[in-house]
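Here's the structure we're looking at; comments come further down.
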Amino acid sequence: MAPPGRPDPAGGSGERAVPAALRAVRAFKAAYGGEPTHLVRSPARVNLIGEHTDYNDGLCLPVAIDRELCIALRRTDDAPAGADRRQPGGSAAAAADDDGVGVGAQLRLVSEQDPTPAVVPLPPPAPDTPPPARATGWARYVQGVAVQLAATGQLAGAGLVPWQGALASDIPLGAGLSSSAALELAVALACTHLAGSVPAPTELARLAQRAENAWVGAATGLLDQLACVGGIAGHALRIDCRALTVTPVPLPAGLAIVVIDTGSRRELVTSAYADRRADCERAARALGVPALRDLDALPADAAGRLDPAALRRARFVIAENARVDAVAGALAGGDAEAAGRLLLSGHRGIRDDFEVSGPELDAAVAAASAAPGCFGARMTGGGFAGCAVALVDRDRLDAFTAAFEPAYSARAGREAVLHVCSAVAGTSVTALR
Ligand code: ADP
Ligand code: MG
């Protein structure tokens, strides 16, 4: 297990890892030669409470955390004299690359996590391009953002500017820390910044969500993108997914947010997600409300109007929305113990009523909440596998870790990776020279 506070990027060793920003710049030079002109940084997010509430028009409380995805980039339509526009792998390719597309007419991105570059020809495909004609793999996210940007006409003047970039990331993929939103927002900010017309954060988040929903085909809510783009150092974000408002909630000094990557990953999470969404919609319809957000409590006759699954889902969502405000109030008032107790009750609800926990997540929550210094813990993210989050007294992190590690491996039969996180700012871009 990586010691607390030490990032554990893909490809990292036991040594203190090279920051993602530096790795991105190095990867850029190796792939293309010359210097990048811009660096985009996009944080992961962890949701403290308010799970599966976003698509019910409800409330959630994520934190943008200091595990980031970085893109070092340079536009290719005005490369400075002497800069060489080599393609990944080092072949001189000023004219056309192996896709047959000139470098001046595309977005091209390499990732240390995937040997195949993401290439988007400009102008990008139309939004109604049938799925078989779309990019595959991680390039879908890059392409989806470009498609949405071009389709919504949000770019002034010249529109999408061609660029090449290199990506490095400390966000584990598919662990529920939203590497996909970090990628989408980084690409969206790169494109809009180079075009000289960056939309408001909420607009950028909606655009990234459309890319994920309509192009990639993942029916996710807006939580991930809003949290990633809207992060504020030292604060959690109370997000109202109906009003699309983001309210900063100060985190108590001395409180550590510990993300526990249980090491488990599940296939077929997408179909379970769609099932839960359908359960919630069925419950709202049967109870005569536009969304479960509209209920503060289950009606007395709910059991007669809902099938058992819909009843359990509705009970969870209603209680979970209330927990968001209760946790936000506790944190703002410096009461980490109350916040921790609410996280534990949230975990019981998501395990028993929403039924999206998993054995490793339950093991992590049990081991964490029994360890010294821990105020409370719960699974976080879509469910079944991935990460849990614990609120821990920063002064007792060593004791927490020492107790957690053997307890978790005894329960789960595997090791977890602990990330001790701070709350950071959202997606940003810096000019490098
Ligand atoms: P999560 O958002 O919880 O990490 P998702 O399944 O929503 O999980 O998104 C993960 C996907 O995002 C990856 O499979 C990959 O396609 C893409 N992705 C995220 N980060 C990177 C990266 N650094 N390099 C390449 N692809 C990435
Ligand atoms: Mg995702």
Side-chain angles (χ1 to χ4, degrees), residues 7-12 17 20-21 23-24 27-28 31 40-47 51-52 54-55 62 64-65 67-72 88 107-120 134-145 165-188 190 205 208-213 215-229 259 261-274 356 361 379-389 417 419 427:
D8 192 60
R23 301 204 309 278
F28 182 96
V40 182
R41 307 170 66 154
S42 205
R45 67 98 189 92
V46 65
N47 194 20
E51 213 67 74
H52 287 271
D54 58 350
Y55 54 83
I65 54 172
R67 296 295 179 276
E68 62 182 359
L69 177 153
C70 295
I71 299 179
L107 310 183
R108 174 178 278 269
L109 194 53
V110 294
S111 168
E112 63 183 4
Q113 262 136 328
D114 197 309
T116 310
V119 179
V120 183
R134 300 177 187 179
T136 55
W138 73 286
R140 287 174 304 166
Y141 295 89
V142 182
Q143 196 182 52
V145 168
L167 188 163
S169 174
D170 290 333
I171 310 175
L173 271 57
L177 299 184
S178 210
S179 68
S180 61
L183 173 58
E184 292 150 17
L185 266 310
V187 171
Q209 185 203 16
R210 276 200 302 279
E212 186 148 348
N213 291 173
W215 192 263
V216 177
T220 54
L222 193 55
L223 156 67
D224 296 352
Q225 290 83 7
L226 275 178
C228 179
V229 76
V259 173
D261 187 343
T262 64
S264 59
R265 301 287 184 271
R266 291 281 181 278
E267 302 296 324
L268 302 177
V269 169
T270 316
S271 60
Y273 182 93
V356 297
L361 296 171
M379 59 140 277
T380 185
F384 302 108
C387 291
V389 60
V417 176
H419 301 268
T427 310

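In listed order, ligands and their atoms are each counted from 1.
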Give the contacting part of L183 toward ligand 1: side chain, backbone, both or neither, where contact means a heavy-atom distance below 4.0 Å.
side chain
Taking every heavy atom of I71 against every heavy atom of A186, the minimum-distance pair comes out as CD1-CB, 3.7 Å
Please determine whether S180 has a backbone or side-chain N, O or S atom lying under 2.8 Å from the Mg ion (ligand 2).
yes
Ligand 1 N/O within reach of G174 N/O, cut-off under 3.5 Å:
yes
So T427 and P43, do their side chains get closer than 4.5 Å, heavy atoms only?
yes
Report the member of S111, P172, A118, S42 with the shortest heavy-atom distance to atom 25 (C) of ligand 1.
S111
Need the ligand 1 atom indices (1-based, order shown) with element for anything under 4.0 Å from a heavy-atom of S169.
23 (N)
Test of proximity, G176 against ligand 1: N or O pairs below 3.5 Å:
yes
Using atom types as modelled and distance alone, determine if a side-chain donor or acceptor of H419 lies under 3.5 Å from a backbone N or O of R67.
no
Would you call R45 and I65 a side-chain contact if the rule is heavy atoms closer than 4.5 Å?
no
The one among C70, G137, S179 that brings a heavy atom closest to atom 4 (O) of ligand 1:
S179
Have a look at ligand 1 and work out which part of S180, if any, has a heavy atom under 4.0 Å from it: side chain, backbone, both or neither.
both
Spell out, as yes or no, whether a donor-acceptor pair under 3.5 Å connects the side chain of T262 to the backbone of G386.
yes
Close side-chain approach of L167 to W138, heavy-atom, < 4.5 Å
yes
Taking 4.0 Å as the limit for heavy-atom contacts, which would you say applies to D224 with ligand 1: side chain only, backbone only, both, or neither?
neither
Does R134 make a cation-pi contact with W215, if we ask for NZ or CZ under 6.0 Å from the ring centre and within 45° of the axis?
yes
Taking only non-hydrogen atoms of Q113 and a 4.0 Å limit, the atoms of ligand 1 in range are 22 (C), 23 (N), 24 (N)
Sub-3.5 Å N/O-N/O distance, R140 and ligand 1:
no
